[in-house]
K.L.:
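Quick one: structure below, then a few questions.
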Amino acid sequence: MSNLHPAIDRVTDRVIERSRESRAAYLELMAIEGDRHQDRNTALPCSNLAHGFAAAGEDKDSIATKRGPNIGIISAYNDTISAHQPYGAYPPQMKIYAREVGATAQVAGATPAMCDGVTQGADGMELSLFSRDVIALAASVGLSHAMYDSVAMLGICDKIVPGLLIGGLRFGWLPTVFIPSGPMPSGIANKEKQKVRQLYAEGKATRAELLESESKSYHSPGTCTFYGTANSNQMMMEMMGLHMPGAAFVTPDTPLRQRLTRAAVHRLAAITKDSNDYRPLAHCVDEKAVVNAAIGLLATGGSTNHAIHIPAFARAAGVKIDWSDMAELSHAVPLLTRVYPNGAGDVNHFHAAGGMGFVIKELLDAGLAHRDIMTVGGDDLSAYGQEPWLDGDEVSWRDVGPSGDDTMLRPASAPFQADGGMRLVEGNLGRACFKTSAVDEKRWTIEAPCRVFETQSQVAEAFAAGELDMDVIVVMRFQGPRANGMPELHKLTPPLGVLQDRGYKVALVTDGRMSGASGKVPAAIHCSPEALGGGPLSLLRDGDIVRLSAEEGTLSTTADLASREPAPAPKAAQGMGREIFAMFRAGADEAEKGGSAMLAMAGL
C-alpha cells in the first residue's frame, strides 16, 4: 500500500519479522488440519457422524449426505448479561437463514460469559481475566466435534470475544464470522450517571439513589453503551474484518440487526473450503490484521484491557506484538473519537454520527491502516468503510458521509489529539500502560509521595478517613495475574476522582487492570513485572516519591529499591471458586504477553 504511514509500515515489518517462525508453524498446522478435516463424512466414522446429527431434525439428511455446508454455532448466551440476552433467540433463526442457501447450522457448544459490571469490586472479579482462557477452551471443545465447515461466534463482552477468537484460531482452517447483538438504547446522560456515582462516593447520595441512576443507565437487552472493553471488542472485529461490515453498533431487535445476522449466516455458507471464495480465519487474522486491531484501539481511545488481549489472541495465530509496538503506533495514529468516558456521547451517538464506517474510511484514506487484509465481508478492509442500511427488505451498504457530530467524531485531518490514547511508561518501577485520551493533558505528569495498598477496601477506608487529602500517588500492588487473577479496580475511580476535583495531584500505579471505563485520573496500569515474585512495586514504601509521566514515558521512584526486601505477598484468597483457579494463577505469564497460563503452557 503506497501511502501507508512509515511508522505503521515499520511496526508491521517488525511484527512480521519477530513472528516469522511462530507464524509459519501456525499456518503449517492449519493447512495440515484443514486437509485432514476437509470432508467430515470421510473424516468421521459413520457411528460418530450419526451421533453428531441424531437430533438435527429436518437438517439430518442434509448433514448426512453433505448437501451443503454445516455451520457450527458457538454461543456465549446467558440472560444475566444484557449484551448476551438477545443470543437466546439466534440459533433457531440462524438455522432458517442457513436453509435459505442450502446450508445447515448446529449449536456446536456454549461458553461462559462473565460480566465485569456485575462482578466489579467483588470476589468474582478475580476470575474475570482467566474466564477468557476458559472461554477459549470451551470453544475448542465445541469445535472438536469436527462436524463443521464454518463457524458463527456469538459473543460480545469483555473477555468473551478475545476468548472466542483464541479458541477459533486454533481451528483456523474454518471460516469464522463474529455476530454481535448490538448496544442497548441510550439511557440517562453519562454526565448525570457519573455525577451520582461521585456524590455517592462523597456520602452525598444514598444507595437507593445510586441504584436508581444505574438502573436508568443499564436498562434493557444489549451491550452497555459506554465505550469500554465490550464495545472496543466490536470495534476491533470491524478493524480486522471479522464482522459483516458495520454490524458492531446496530441495536438489538431491529430489522437491520436481524438482516445483518442473516447476511452473516449466508456469508458463512459462501466462504467454505468447498467454495471458490475460501476465507479461513487463519488467513484473516494475520500480522496486518493484528496491527489494524491496535490502530483501531488507538484511534478510538478504546479499552486498555486490549493491551493484554491483543498480544494474547495474536499469539494464538502465531503473531507476536508487544507494548513497544503499540506505543510506536500510538505516536502515529491520531485520536478520531471521543466516546464516553472520553466524551459526552455514547456508542449509539457515535454510530449515528458515522461510527466505524467513518473511522475506517478516514484511517484508510490517510494511510493509517492496512487495506490489504482478507476479510469475511469484502474484497479488503475498504468494505468496512461503508455503513449498512435496509434497501427494502434486504441489507445493503453505502458510502459514509462526513461526521454528523464533530464533538465525538473527527476526520484524520482534524483529530482530537495528534496521537492515539495510549502510552508506554517505563523505568525502575517496570513497564506499564497509560491511557491519555480521557485525562486532561496538564495531568499527564504527576510526581508525589506514594501510599501503598493491597486491597481496594484499604483505599476506600483511607479515603473516608481523610488520609488521602493531599498530593498522592496511590499504589495498588499484588493485583497481577499470578497474585489474584488481575481484577479490574474501578472501585478506585470515584474516590480518586473526588480527590482530583478537590485540587490535589493524584495518580494510580498498579499491576492490576483498568478498562475502557477508566476515567479522568492518570493511571499506570498493568505494571509488569507484577509485585508477586519480587517485582519493583513490592519494594515501594509509604512516602516514597514516585514520578509518572506520559510525556516522558517514565514510571520511576527516587527511592533506593536495591537495599530493600520485597513486601510479603498476601495469602491467596478462597471462596467464589477462586481456589480452583490456582493453576491459572500459578502458570500465568506477564500482562504484556496476555497474562495466560494456557498460552504459556501450550508454548504459544
K.L.:
Quick one: does Cys284's side chain get under 4.5 Å of Leu242's, heavy atoms only?
P.N.:
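Yes, their side chains come closer than 4.5 Å.
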
K.L.:
Regarding Tyr227 and Thr300, is there a side-chain donor-to-acceptor distance under 3.5 Å anywhere?
P.N.:
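Result is yes, a qualifying pair exists.
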
K.L.:
Angle between ring planes, His145 versus Tyr148, binned at 30° and 60°: parallel, tilted or perpendicular?
P.N.:
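Ring orientation, 0 to 90° scale: perpendicular.
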
K.L.:
Nearest 0.5 Å, please: how far is CE in Met235 from CZ in Phe350?
P.N.:
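Reported value, rounded in 0.5 Å steps: 9.0 Å.
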
K.L.:
Roughly how far apart are Ser303 OG and Met422 CE, rounded to 0.5 Å?
P.N.:
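Here the interatomic distance stands at 7.5 Å.
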
K.L.:
Strictly distance-based, threshold 3.5 Å: is any side-chain N or O of Trp444 a donor or acceptor partner for the main-chain N or O of Val439?
P.N.:
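Between the backbone of Val439 and the side chain of Trp444 there is a qualifying donor-acceptor contact (under 3.5 Å).
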
K.L.:
Is there a side-chain contact between Phe249 and Gln234 (heavy atoms, below 4.5 Å)?
P.N.:
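A side-chain contact under 4.5 Å exists here.
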
K.L.:
Ser181 side chain to Pro86 main-chain N or O, any donor-acceptor pair under 3.5 Å?
P.N.:
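Side chain of Ser181 to backbone of Pro86, a donor-acceptor pair under 3.5 Å: no, none is there.
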
K.L.:
Got a salt bridge between Arg23 and Asp286, using NZ or NE/NH1/NH2 to carboxylate O under 4.0 Å?
P.N.:
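Salt bridge absent between Arg23 and Asp286.
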
K.L.:
Go through the steps for Asp39 and Lys273 under the test salt bridge (Lys or Arg N to Asp or Glu O under 4.0 Å), then give the verdict.
P.N.:
CA-CA 10 Å; Asp39 187 344; Lys273 196 163 189 177; over 6 Å; no

K.L.:
Quick one: closest heavy-atom pair of Met30 and Gly172, and the distance?
P.N.:
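Minimum heavy-atom separation between Met30 and Gly172: SD-N, 3.2 Å.
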
K.L.:
Minimum heavy-atom separation for Pro180 and Ala247, please, with both atom names.
P.N.:
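The pair with the smallest heavy-atom distance is CG-O, 3.4 Å.
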
K.L.:
Are Tyr90 and Thr261 close enough that some pair of their side-chain heavy atoms sits under 4.5 Å apart?
P.N.:
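Heavy-atom side-chain distance check passes, below 4.5 Å.
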
K.L.:
With a 3.5 Å distance limit and no angle check, can you tell me whether Ser330 reaches the backbone of Ala327 through a side-chain donor-acceptor pair?
P.N.:
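No, because the side chain of Ser330 does not come within donor-acceptor range (under 3.5 Å) of the backbone of Ala327.
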
K.L.:
What is the minimum heavy-atom distance between Val425 and Ala524, and which atoms define it?
P.N.:
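Nearest heavy atoms, Val425 then Ala524: CG2-CB, 4.1 Å.
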
K.L.:
Let me confirm one number: the OG1-CE distance from Thr375 to Met240, rounded to the nearest 0.5 Å.
P.N.:
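If I round to the nearest 0.5 Å, the distance is 12.0 Å.
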
K.L.:
I want to check something: taking the side chain as every heavy atom from C-beta on, are Ile310 and Met326 in contact at a cut-off of under 4.5 Å?
P.N.:
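Of all side-chain heavy-atom pairs linking Met326 with Ile310, at least one is under 4.5 Å.
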
K.L.:
Testing Glu592, Arg513, Lys159 one by one against Ile308 for a side-chain contact (heavy atoms from CB on, under 4.5 Å), which residue passes?
P.N.:
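Looking at Glu592, Arg513, Lys159, the match for Ile308 under the side-chain contact (heavy atoms from CB on, under 4.5 Å) is Arg513.
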
K.L.:
Do Ser538 and Phe478 come close enough that some side-chain heavy atom pair is under 4.5 Å?
P.N.:
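They are in side-chain contact.
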
K.L.:
Just verifying a value: how many Å separate Gln479 CD and Gln456 CD, rounded to the nearest 0.5 Å?
P.N.:
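Interatomic distance, Gln479 CD to Gln456 CD, rounded to 0.5 Å: 6.5 Å.
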
K.L.:
Using only heavy-atom distances, determine whether the side chains of His370 and Asp380 contain a donor-acceptor pair under 3.5 Å.
P.N.:
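There is no such pair (donor and acceptor under 3.5 Å, judged by atom type) between the side chains of His370 and Asp380.
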
K.L.:
Filter on salt bridge (Lys or Arg N to Asp or Glu O under 4.0 Å), then keep only pairs touching residues 127-153, sequence neighbours left out; what's left?
P.N.:
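Residue pairs with at least one partner in residues 127-153: Arg40-Asp149.
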
K.L.:
Before giving the answer on side chain to side chain contact (heavy atoms under 4.5 Å, CB included), spell out for Arg18 and Asp325 the whole-Å C-alpha distance, their side-chain angles and the decisive distance to 0.1 Å.
P.N.:
CA-CA 11 Å; Arg18 187 188 301 131; Asp325 299 322; 2.7 Å; yes

K.L.:
Examine distances only and state if a side-chain atom of Ser82 and a backbone atom of Gly222 form a donor-acceptor pair shorter than 3.5 Å.
P.N.:
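Judged by distance alone, yes, a pair lies under 3.5 Å.
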
K.L.:
For Glu454 and Arg477, run side chain to side chain contact (heavy atoms under 4.5 Å, CB included): C-alpha distance rounded to whole Å, both residues' side-chain angles, the deciding distance at 0.1 Å, then the answer.
P.N.:
CA-CA 5 Å; Glu454 295 175 0; Arg477 65 188 179 193; 3.4 Å; yes

K.L.:
Can you find a pair of side-chain heavy atoms, one from Tyr87 and one from Ile156, that are under 4.5 Å apart?
P.N.:
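They are in contact (side-chain heavy atoms under 4.5 Å apart), so the answer is yes.
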
K.L.:
Quick one: does Glu126's side chain have a donor or acceptor within less than 3.5 Å of a partner on Met486's backbone?
P.N.:
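Answer holds: no.
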
K.L.:
Hey, does Arg585 have a side-chain heavy atom less than 4.5 Å from the side chain of Leu532?
P.N.:
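No; the side chains remain at least 4.5 Å from each other.
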
K.L.:
Please say whether more than 12 non-hydrogen atoms of neighbouring residues, nucleotides or ligands are located less than 6.0 Å from CD in Glu552.
P.N.:
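Yes - once you tally the heavy atoms of other residues, nucleotides and ligands closer than 6.0 Å, there are more than 12.
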
K.L.:
Should the pair Trp323 and His526 be assigned to parallel (<30°), tilted (30 to 60°) or perpendicular (>60°) ring geometry?
P.N.:
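Trp323 vs His526 ring planes: tilted.
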
K.L.:
Under the 3.5 angstrom rule, does the side chain of Tyr384 hit a backbone N or O of Gly241 as a donor-acceptor pair?
P.N.:
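The answer is yes, because a donor-acceptor pair under 3.5 Å joins these two groups.
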
K.L.:
Is the backbone N or O of Ala531 less than 3.5 Å from a side-chain atom of Asp511, with the two atoms forming a donor-acceptor pair by type?
P.N.:
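Here the side-chain-to-backbone pair exists.
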
K.L.:
I need the Leu164 CG to Thr111 OG1 distance, nearest 0.5 Å.
P.N.:
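The CG atom of Leu164 sits 5.0 Å away from the OG1 atom of Thr111.
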
K.L.:
Taking side chain to side chain contact (heavy atoms under 4.5 Å, CB included) as the definition, give me every residue that meets it alongside Asp379, ordered by chain and number, with sequence neighbours left out.
P.N.:
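For Asp379, the residues satisfying side chain to side chain contact (heavy atoms under 4.5 Å, CB included) (neighbours in sequence not counted) are Arg279.
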
K.L.:
Go through the side-chain N and O atoms of Ser324 and Arg431 and say whether any donor and acceptor fall under 3.5 Å apart.
P.N.:
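The criterion, which ignores hydrogens and geometry beyond distance, is satisfied for Arg431 and Ser324.
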
K.L.:
Could you go through the salt bridge (Lys or Arg N to Asp or Glu O under 4.0 Å) check for Glu328 and Arg10 one step at a time?
P.N.:
CA-CA 9 Å; Glu328 186 170 345; Arg10 185 167 59 248; 2.6 Å; yes

K.L.:
Scan Asp158, Thr229, Asn233 and name whichever one has a side-chain hydrogen bond (donor to acceptor under 3.5 Å, both in side chains) with Asn305.
P.N.:
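Testing each of Asp158, Thr229, Asn233 against Asn305, the sole residue satisfying side-chain hydrogen bond (donor to acceptor under 3.5 Å, both in side chains) is Thr229.
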
K.L.:
Quick check: do Leu336 and Leu363 have side-chain heavy atoms less than 4.5 Å from each other?
P.N.:
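A side-chain contact exists here, since the closest heavy-atom pair is under 4.5 Å.
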
K.L.:
Does atom CD of Glu579 have more than 12 heavy-atom neighbours from other groups under 6.0 Å away?
P.N.:
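Counting neighbours around CD of Glu579, more than 12 heavy atoms of other residues, nucleotides or ligands fall under 6.0 Å, so yes.
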
K.L.:
Side-chain donor-acceptor contacts of residues 597-604 below 3.5 Å, not counting sequence neighbours, with atom names and distances?
P.N.:
none

K.L.:
Between Thr510 and Gly512 (side chain of the first, backbone of the second, donor and acceptor by atom type, cut-off under 3.5 Å), is there such a pair?
P.N.:
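Indeed, once roles are kept as given, a pair shorter than 3.5 Å links the two residues.
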
K.L.:
Verify, without hydrogens or angle tests, whether Glu238 (side chain) and Gly246 (backbone) share a donor-acceptor contact under 3.5 angstrom.
P.N.:
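Yes, the answer is positive, given that a donor and an acceptor are paired below the 3.5 Å cut-off.
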
K.L.:
Test side chain to side chain contact (heavy atoms under 4.5 Å, CB included) on Val376 and Phe178 and set out the steps.
P.N.:
CA-CA 10 Å; Val376 299; Phe178 283 73; over 6 Å; no

K.L.:
For the residue pair Thr12 and Lys288, confirm or rule out a side-chain donor-acceptor distance under 3.5 Å.
P.N.:
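Lys288 and Thr12 do not have a side-chain donor-acceptor pair below 3.5 Å.
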
K.L.:
Roughly how far, to the nearest 0.5 Å, is CG of Leu381 from CG of Asp372?
P.N.:
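That separation rounds to 9.5 Å.
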
K.L.:
For the pair Glu17 and Arg14, evaluate salt bridge (Lys or Arg N to Asp or Glu O under 4.0 Å) and give the outcome as yes or no after the intermediate values.
P.N.:
CA-CA 5 Å; Glu17 182 57 37; Arg14 188 164 67 232; over 6 Å; no

K.L.:
Would Leu429 and Leu540 satisfy side chain to side chain contact (heavy atoms under 4.5 Å, CB included), going step by step from the backbone distance to the final call?
P.N.:
CA-CA 9 Å; Leu429 291 179; Leu540 281 175; 4.0 Å; yes

K.L.:
Please confirm whether the backbone N or O of Gly485 pairs with a side-chain atom of Arg578, one donor and one acceptor, at under 3.5 Å?
P.N.:
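Not confirmed, Arg578 side chain does not pair with Gly485 backbone.
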
